[in-house]
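Contents: one structure, followed by commentary.
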Amino acid sequence: MTALIDTVLKIRSKNAGPFWLTIDIFCGTPAAFKTVSTSLTTRTVADCFQIDEAVLKRFDITDLNVIKFSLPRPSVQGVRADRDMHGASFAHILGSLEV
């Protein structure tokens, strides 16, 4: 098995408003997209971020070879408990998963 970050072109995470985060996985090729889309389950991503699978939204965009996840932020953006105001560290967490 290989780490997700070594299989795809780029993983990007960012704010999607003060309550949500978005993680984009740019696979680059149809082969990489197929590998990632079949081996990276919604359940695995939900477990990685310790959230309920029901609140995680997944979008497989075949024409672009992109997989997108949207999830609630652990805390509202900008509050004292917010450890990552821009949401950039979530891509790094996901990149270590094995596919």
TODO: For Ser39, enumerate each residue passing the side-chain hydrogen bond (donor to acceptor under 3.5 Å, both in side chains) test, keeping only those at least two apart in sequence or located in another chain.
DONE: none

- [ ] Decide yes or no for Leu40 and Ile67: does some side-chain heavy atom of the first lie under 4.5 Å from some side-chain heavy atom of the second?
- [x] no

- [ ] Work out which heavy atom in Ser89 is nearest to a heavy atom in Ser13; give both atom names and the distance.
- [x] N-OG, 4.0 Å

Task: Closest heavy-atom pair and its distance - Ser70, Thr22 - done: OG-OG1, 3.6 Å

Open item on the list: Strictly by salt bridge (charged side-chain N to carboxylate O under 4.0 Å, His left out), give each pair with a member in residues 82-91 just once, sequence neighbours left out.
Closed with: Arg73-Asp82

TODO: State, with a plain yes or no, whether a side-chain heavy atom of Trp20 is found less than 4.5 Å away from one of Pro72.
DONE: yes

Task: Closest non-hydrogen atom pair between Gly87 and Leu21, with its separation - done: CA-CD2, 3.6 Å

Mind listing the side-chain donor-acceptor pairs of residues 1-11 below 3.5 Å, one per line with the distance, residues two or more places apart or on another chain?
| from | atom 1 | to | atom 2 | distance (Å) |
| --- | --- | --- | --- | --- |
| Thr7 | OG1 | Ala3 | O | 3.1 |

List the atom pairs, donor and acceptor, that lie under 3.5 Å between side-chain atoms in residues 25-37 and the rest of the protein, sequence neighbours left out.
| from | atom 1 | to | atom 2 | distance (Å) |
| --- | --- | --- | --- | --- |
| Thr29 | OG1 | Ala32 | N | 3.0 |
| Thr35 | OG1 | Ala31 | O | 3.0 |
| Ser37 | OG | Phe33 | O | 2.9 |
| Ser37 | OG | Lys34 | O | 3.3 |

Open item on the list: Tell me every residue that passes side-chain hydrogen bond (donor to acceptor under 3.5 Å, both in side chains) with Thr41, counting only those two or more places apart in sequence or in another chain.
Closed with: Thr44

Open item on the list: Between Gln77 and Asn15, does the side chain to side chain contact (heavy atoms under 4.5 Å, CB included) criterion hold? Intermediate values first, please.
Closed with: CA-CA 9 Å; Gln77 181 186 16; Asn15 285 327; 2.9 Å; yes

Open item on the list: Test: ring-ring contact (aromatic ring centres under 6.0 Å, His included). Region: residues 48-79. Which pairs qualify, not counting sequence neighbours?
Closed with: Phe49-Phe90

Open item on the list: My understanding is that only residues two or more places apart in sequence, or in another chain, count here; which of them pass side-chain hydrogen bond (donor to acceptor under 3.5 Å, both in side chains) with Asp24?
Closed with: Arg12

- [ ] List in chain and number order the residues that pass side-chain contact (heavy atoms from CB on, under 4.5 Å) with Ala81, two or more places apart in sequence or in another chain; answer none if no residue qualifies.
- [x] Ser75, Val79

Open item on the list: Going by salt bridge (charged side-chain N to carboxylate O under 4.0 Å, His left out), name the residues that satisfy it together with Arg43, two or more places apart in sequence or in a different chain.
Closed with: Asp47, Glu53

Open item on the list: Hydrophobic clusters here meaning ILVMFWY residues chained together by side-chain heavy-atom distances under 4.5 Å, can you tell me if Ile61 and Ile23 are in one?
Closed with: no

Task: Any side-chain heavy-atom pair of Val45 and Leu94 under 4.5 Å - done: yes

Open item on the list: Test side chain to side chain contact (heavy atoms under 4.5 Å, CB included) on Lys57 and Leu71; report intermediate values, then the result.
Closed with: CA-CA 6 Å; Lys57 298 178 183 179; Leu71 60 144; over 6 Å; no

Task: Qualifying salt bridge (charged side-chain N to carboxylate O under 4.0 Å, His left out) pairs, either residue in residues 86-99, two or more places apart - done: none

